[in-house]
Enquirer: 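Dumping the structure here so I can ask a few things about it.
Lettering of chains follows the sequences in order, A, B, ..., and the numbering in each one begins at 1.
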Amino acid sequence: MTKTMYEKIWDANLVHEPESGSPLLFVDRHLMHEVTSPQAFEGLRLQNRKVRNVHSILATIDHCVPTKDRYNIVDPIAKKQVETMTANCAENEINLYGMDSNQNGVIHIVVPEHGFIHPGMVVCCGDSHTATHGAFGALAFGIGTSEVEHIMATQTLQQKKAKTMLVKVEGQLSKYATAKDIALAIIAETGTAGGTGYVMEFAGNTITDLSMEARMTLCNMAIEAGARAGLVAPDQITFDYLEGREFAPKGDDWATAVEYWKTMVSDEGAEFDSVITLKAEDIAPQVSWGTSPEQVVAVDAVVPAPSDFDDVVKSQACVNALKYMDVKAGQKITDINIDIVFVGSCTNGRIEDFRAAAELIKGKTVAQGVQAIAVPGSFPVKEQAEAEGLDKIFIAAGWEWRDPGCSMCLAMNGDELKDGQRSASTSNRNFEGRQGKGGRTHLVSPAMAAAASIEGHFVDIRDWK
Amino acid sequence: MEAYKKHTSIAALMDRSNVDTDQIIPKNFMKKVERTGFGIHLFHNWRFLADNVTPNPDFELNKPAFKGAKILVAGENFGCGSSREHAPWAIADYGFNTIISTSFADIFFSNCFKNSILPIKVSKDELAALMAEIAANEGVEFTVDLEAQKVTTPGGIEINFEVDAFRKESLLDGLDDIAWTLKHEDKITAFEEKQKQALPWLWK
């Protein structure tokens, strides 16, 4: 019988399927940050339970960290959260890339850098963007804090099997269309609930041509389509990325591991519950105009009108979004002015993202009245960028070159939009108030954000000089 | 965990779709290290005016008729976005123990059951009927019977809903998930031993 990659990973990690009750799935890797774990540690303590497999955990501090003057956490509650994380990890001997570590950064950036995620694994984190690690062919998904506690105590999760969706993208992407644009175009197609109950597998030659970093960007956004997880089949690009990294198999184990990983892909002819197909040629640089990632159009399009939607709910959502975002139906996307530009986050905070942005702003100057900030996803990304001289390009163009953290993606650390301000942001969510109460977020790729910083409004980078 | 019992309670109407967890509990209130005390921040950005203190008179849950509601009736794709369990903590702490919608985001749905909240999926027509009954009679009380998997209203609506048998049992008994799983600890240990042989590099 043929199986999908998801089914293979499920079967390989199924601990027990009792006649009554829930199947138990083994969790190979558990990632942690300071916001969603303290209550789980407290729960363990109250029940006098221990962390079962300390080696399966990697932790960081990222959400609350200031990107300027990083030790100066003004909010005492945030400070306590950081201190609690540090203490919890010390007490339980958990590997933490903490405030003082030169490996610190956003969890979903840091973890792959160390080769901690391999094909075929089950990976969990109290964070919905755990989907990122599906880029390695691992089943990776976000969980709540009760489940964080459950994994620490049992190394398993009570799980129900998901349905499978194949998302096939074929063809040659146009210049300046990126993994971010593929992700947004898919969400425009499925809607933010289209993937609910599904695990998505991304396939097709457009996907297999993507670098590991681009695959991470794509899988990261699977959750914005409502999917539990996104997956890309492991291949030579995956193996080349992993080889030699700290937690990658070493010596004789390497060859054995690669042989195993090669089996953890969907069989030829495996059946999916749902299939959607996109042509790469049709994917232009995308810009979100509303308050949900599905409210997105190509940069050369206009803001839609409520009457463009047959569905009553979507039409009403359009009315609400136009009002909140202060954009007009029929308005050209390229006529939308912006105040703040943010390049960073677990979606687009990797070295390739900063290279792409730097290429477009080199020798240019940020538009008057625009504040542009570059926040590398980790210290290794920051160091690499500086070694390549990218920091100088950003600074010369009038950008701020910051320290790593989640920063303005969810604006917990003080980096935020003020009421009414509008951003071009490489992050993943444009919900009301996500980047600050009253703030208006437009999701774009790093290149699109970079060009917008120079012009002060969105531009079609395909014909921008 | 608190056991879920049959109850008759005020049903509040929230006629909005795609209510995301950033709205349910905005990020600036997620910095606490406790599970308690999130209810006062539920829907903060909608619930309060710009001064962050004065209740917004236009926000539906501020209507006096919905005071003390335990049932929330809302539009599709409720709880999408961030995995934060602070969202169900805030909902439970505010006083809701039941949410009725046509669909819920996966992570939120599963988080509800860990916090004695029953998320009930109904059809579009059923949701429209429930919403209409509340709109016509704000403050109306619905009865939710998990044992019988039934929602009934004074207007005569009777909805039989589906719920996973194991989750139902856990809610009704207020079971501790971890304790249940640890009953199978021998299976977990056996799995680990097998994996150490097959994929030894994961254990080095």
Side-chain angles (χ1 to χ4, degrees), chain A residues 15-16 18 20-22 24 26 28 35-36 38-39 42 47 49 53 55 64 75 77-78 80-81 84 118 126-128 141-147 149-150 153-156 158 160 192-193 196-197 226 228 249-250 253 257 260 292 313 316-317 320 410-412 419 429 431-434 437, chain B residues 16-18 20-23 26-28 30-35 44-46 50 52 75-77 80-86 88-89 103-108 110-111 114-115 164-167 169 176-182 184-185 187-188 190-192 195 198-204:
Chain A
V15 169
H16 184 45
S20 69
S22 168
L24 289 177
F26 192 76
D28 300 298
V35 179
T36 56
Q39 296 87 353
E42 185 61 18
Q47 298 294 324
R49 288 171 175 143
N53 290 340
H55 79 277
C64 293
D75 182 346
I77 312 175
K80 187 175 176 199
Q81 204 167 48
T84 304
H118 311 162
D127 191 295
S128 59
F141 53 91
I143 52 177
T145 299
S146 296
E147 291 177 317
E149 184 180 335
H150 192 278
T154 72
Q155 209 57 39
T156 65
Q158 298 175 1
K160 285 188 80 173
T192 50
T196 302
R228 199 91 221 255
K250 301 278 184 322
D253 285 339
Y260 170 65
S292 161
V313 174
Q316 184 57 44
N320 297 344
L410 84 168
M412 274 186 82
D419 196 2
R429 291 196 174 124
F431 298 154
E432 279 186 32
R434 168 83 177 180
K437 191 175 177 182
Chain B
R16 305 182 193 229
S17 59
N18 298 315
D20 61 76
T21 53
D22 274 82
Q23 300 312 325
K27 79 274 165 177
N28 29 329
M30 281 166 54
K31 295 169 187 168
K32 287 159 66 79
V33 295
E34 302 85 19
R35 282 176 202 252
H44 180 95
N45 292 346
W46 288 340
N52 292 317
E76 66 180 33
N77 197 29
C80 61
S82 156
S83 62
R84 59 189 69 163
E85 196 163 318
H86 310 66
W89 292 338
S103 59
F104 297 88
D106 283 341
I107 304 176
F108 177 82
S110 133
N111 281 341
K114 315 285 181 198
N115 294 283
D164 175 79
F166 178 58
R167 282 173 157 164
E169 189 190 332
D176 174 354
D177 276 351
I178 295 177
W180 183 88
T181 297
L182 287 175
H184 303 284
E185 194 173 4
K187 304 279 194 313
I188 300 171
F191 181 94
E192 287 169 338
Q195 193 188 58
L199 312 173
W201 58 88
L202 294 183
W203 294 83
K204 283 177 182 170

Enquirer: Most heavy-atom pairs under 4.5 angstrom with chain A, which of B:Arg84, B:Glu169, B:Met30?
Expert: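 Highest number of pairs under 4.5 Å: B:Met30.
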Enquirer: Mind checking the OG1-CG spacing from A:Thr192 to B:Asn77? Nearest 0.5 Å is all I need.
Expert: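 Taking OG1 in A:Thr192 and CG in B:Asn77, the distance rounds to 4.5 Å.
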Enquirer: May I have the step-by-step check of side chain to side chain donor-acceptor pair (under 3.5 Å) for A:Lys437 and B:Asn28, ending in yes or no?
Expert: CA-CA 10 Å; A:Lys437 191 175 177 182; B:Asn28 29 329; over 6 Å; no
Enquirer: Sort B:Ala50 into side chain, backbone, both or neither according to what part of it lies under 4.5 angstrom from a heavy atom of chain A.
Expert: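 B:Ala50 touches chain A through backbone heavy atoms alone.
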Enquirer: Of the listed residues (A:Arg228, A:Arg49, A:Glu149, A:Gln155), which shares the most heavy-atom pairs with chain B below a 4.5 Å separation?
Expert: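 Looking at each option in turn, the highest pair count goes to A:Arg49.
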Enquirer: What's the verdict on side chain to side chain contact (heavy atoms under 4.5 Å, CB included) for B:Ile107 and A:Ser128, showing C-alpha distance, side-chain angles and the deciding distance?
Expert: CA-CA 8 Å; B:Ile107 304 176; A:Ser128 59; 4.1 Å; yes
Enquirer: Do you know which of A:Gln47, A:His118, A:His16 has the most heavy-atom pairs under 4.5 Å to chain B?
Expert: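 Top count of heavy-atom pairs under 4.5 Å with chain B: A:His16.
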Enquirer: Let me know if A:Tyr260 has heavy atoms under 4.5 Å from chain B in its side chain, its backbone, both or neither.
Expert: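 Interface part for A:Tyr260: side chain.
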Enquirer: Give the member of A:Glu147, A:Lys80, A:Gln39 that has the highest number of heavy-atom pairs under 4.5 Å with chain B.
Expert: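 Maximum pair count with chain B is reached by A:Gln39.
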Enquirer: Treating A:Gln81 as the side-chain partner and A:Pro38 as the backbone partner, does any N or O pair qualify as donor plus acceptor under 3.5 Å?
Expert: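 Side chain of A:Gln81 to backbone of A:Pro38, a donor-acceptor pair under 3.5 Å: no, none is there.
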Enquirer: Under 4.5 Å heavy-atom distance to chain B, tell me which part of A:Arg429 shows up: side chain, backbone, both or neither.
Expert: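 The side chain, not the backbone.
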Enquirer: Tell me, for B:Leu199 versus chain A, whether the close heavy atoms (under 4.5 Å) come from the side chain, the backbone, both or neither.
Expert: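 When you check distances to chain A, only side chain atoms of B:Leu199 fall under 4.5 Å.
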Enquirer: Can you tell me which portion of A:Asp75 sits under 4.5 Å from chain B's heavy atoms? Options are side chain, backbone, both or neither.
Expert: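 When you check distances to chain B, only side chain atoms of A:Asp75 fall under 4.5 Å.
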Enquirer: Under a 4.5 Å cutoff for heavy-atom pairs, which residue among B:Ala179, B:Gly81, B:Gly75, B:Ala190 has the most contacts with chain A?
Expert: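 Sorted descending by pairs with chain A, the first entry is B:Gly81.
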Enquirer: Which bit of B:Arg167 is near chain A, if near means a heavy-atom gap under 4.5 Å: side chain, backbone, both or neither?
Expert: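 Side chain only.
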Enquirer: Is there a side-chain contact between B:Glu192 and A:Phe26 in this structure, where contact means two heavy atoms from C-beta onward sitting under 4.5 Å apart?
Expert: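 SC-SC contact between B:Glu192 and A:Phe26 confirmed.
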Enquirer: Given that the side chain runs from C-beta out, which part of B:Ser82 has a heavy atom under 4.5 Å from chain A: side chain, backbone, both or neither?
Expert: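 For B:Ser82, heavy atoms of backbone and side chain both lie under 4.5 Å from chain A.
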Enquirer: Please tell me if the side chains of B:Trp89 and B:Lys32 come closer than 4.5 Å, counting only heavy atoms from C-beta onward.
Expert: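 No; the side chains remain at least 4.5 Å from each other.
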Enquirer: Report which part of A:Gln316 has an atom under 4.5 Å of a heavy atom belonging to chain B: side chain, backbone, both, or neither.
Expert: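 For A:Gln316, neither part sits under 4.5 Å from chain B.
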Enquirer: Can you say whether A:Ser146 sits under 4.5 Å from chain B via the side chain, the backbone, both, or neither, judging by heavy atoms?
Expert: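 Contact with chain B is through both the backbone and side chain of A:Ser146.
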Enquirer: What residue, out of B:Asn45, B:Asn18, B:Leu182, B:Asp164, has the most heavy-atom pairs lying under 4.5 Å from chain A?
Expert: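 Counting heavy-atom pairs under 4.5 Å, the top option is B:Asn45.
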Enquirer: Inspect the surroundings of NZ in A:Lys250 and state if more than 12 heavy atoms from other residues, nucleotides or ligands are less than 6.0 Å away.
Expert: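 Yes, NZ of A:Lys250 has more than 12 neighbouring heavy atoms, counting only those of other groups under 6.0 Å.
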Enquirer: Where on A:Asn320 is there a heavy atom nearer than 4.5 Å to chain B: the side chain, the backbone, both, or neither?
Expert: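 For A:Asn320, neither part sits under 4.5 Å from chain B.
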Enquirer: Can you tell me which of A:Glu432, A:Glu42, A:Gln158 forms the most heavy-atom pairs within a distance under 4.5 Å of chain B?
Expert: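 Heavy-atom pair counts peak at A:Gln158.
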Enquirer: Is B:Phe108 in contact with chain A via its backbone, its side chain, both, or neither, using a 4.5 Å heavy-atom distance?
Expert: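 Neither the backbone nor the side chain of B:Phe108 comes within 4.5 Å of chain A.
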Enquirer: Would a distance-only check, ignoring hydrogens and angles, find a side-chain to backbone donor-acceptor pair under 3.5 Å from B:His86 to B:Lys31?
Expert: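 No; judged by distance alone, with no hydrogens or angles, the pair does not exist.
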Enquirer: Can you tell me which residue among B:Asp177, B:Asp176, B:Thr181 is in a side-chain hydrogen bond (donor to acceptor under 3.5 Å, both in side chains) with A:His150?
Expert: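 Answer after filtering B:Asp177, B:Asp176, B:Thr181: B:Thr181.
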Enquirer: Working to the nearest 0.5 angstrom, can you tell me the gap between B:Gln195 CD and B:Trp203 CH2?
Expert: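 The distance works out to 6.0 Å.
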Enquirer: I'd like to know which of A:Thr156, A:Thr36, A:Leu24, A:Asp419 tops the heavy-atom pair count under 4.5 Å against chain B.
Expert: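 Of the candidates given, the most pairs with chain B belong to A:Leu24.
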Enquirer: Measuring only between side-chain heavy atoms, which start at C-beta, is A:Pro18 closer than 4.5 Å to B:Phe166?
Expert: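 Side-chain contact under 4.5 Å: no.
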Enquirer: Could you look at B:Gln23 and say if it's the side chain, the backbone, both or neither that has a heavy atom under 4.5 Å from chain A?
Expert: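 The answer is the side chain of B:Gln23.
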Enquirer: Can B:Lys204 and A:Asp253 be counted as an ion pair, charged N to O under 4.0 angstrom?
Expert: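 Answer for the salt bridge query: yes.
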Enquirer: Just by modelled atom types, is the B:Ser83 backbone N or O under 3.5 Å from a matching donor or acceptor in the B:Asn111 side chain?
Expert: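 Pair found, side chain donor or acceptor close to backbone of B:Ser83.
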Enquirer: Measure B:Thr21 against the heavy atoms of chain A and call it side chain, backbone, both or neither at under 4.5 Å.
Expert: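 Neither part.
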Enquirer: Given the options A:Ser22, A:Ala153, A:Gly197, which has more heavy-atom pairs under 4.5 Å with chain B than any of the others?
Expert: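 Ranked by heavy-atom pairs under 4.5 Å with chain B, first place is A:Ser22.
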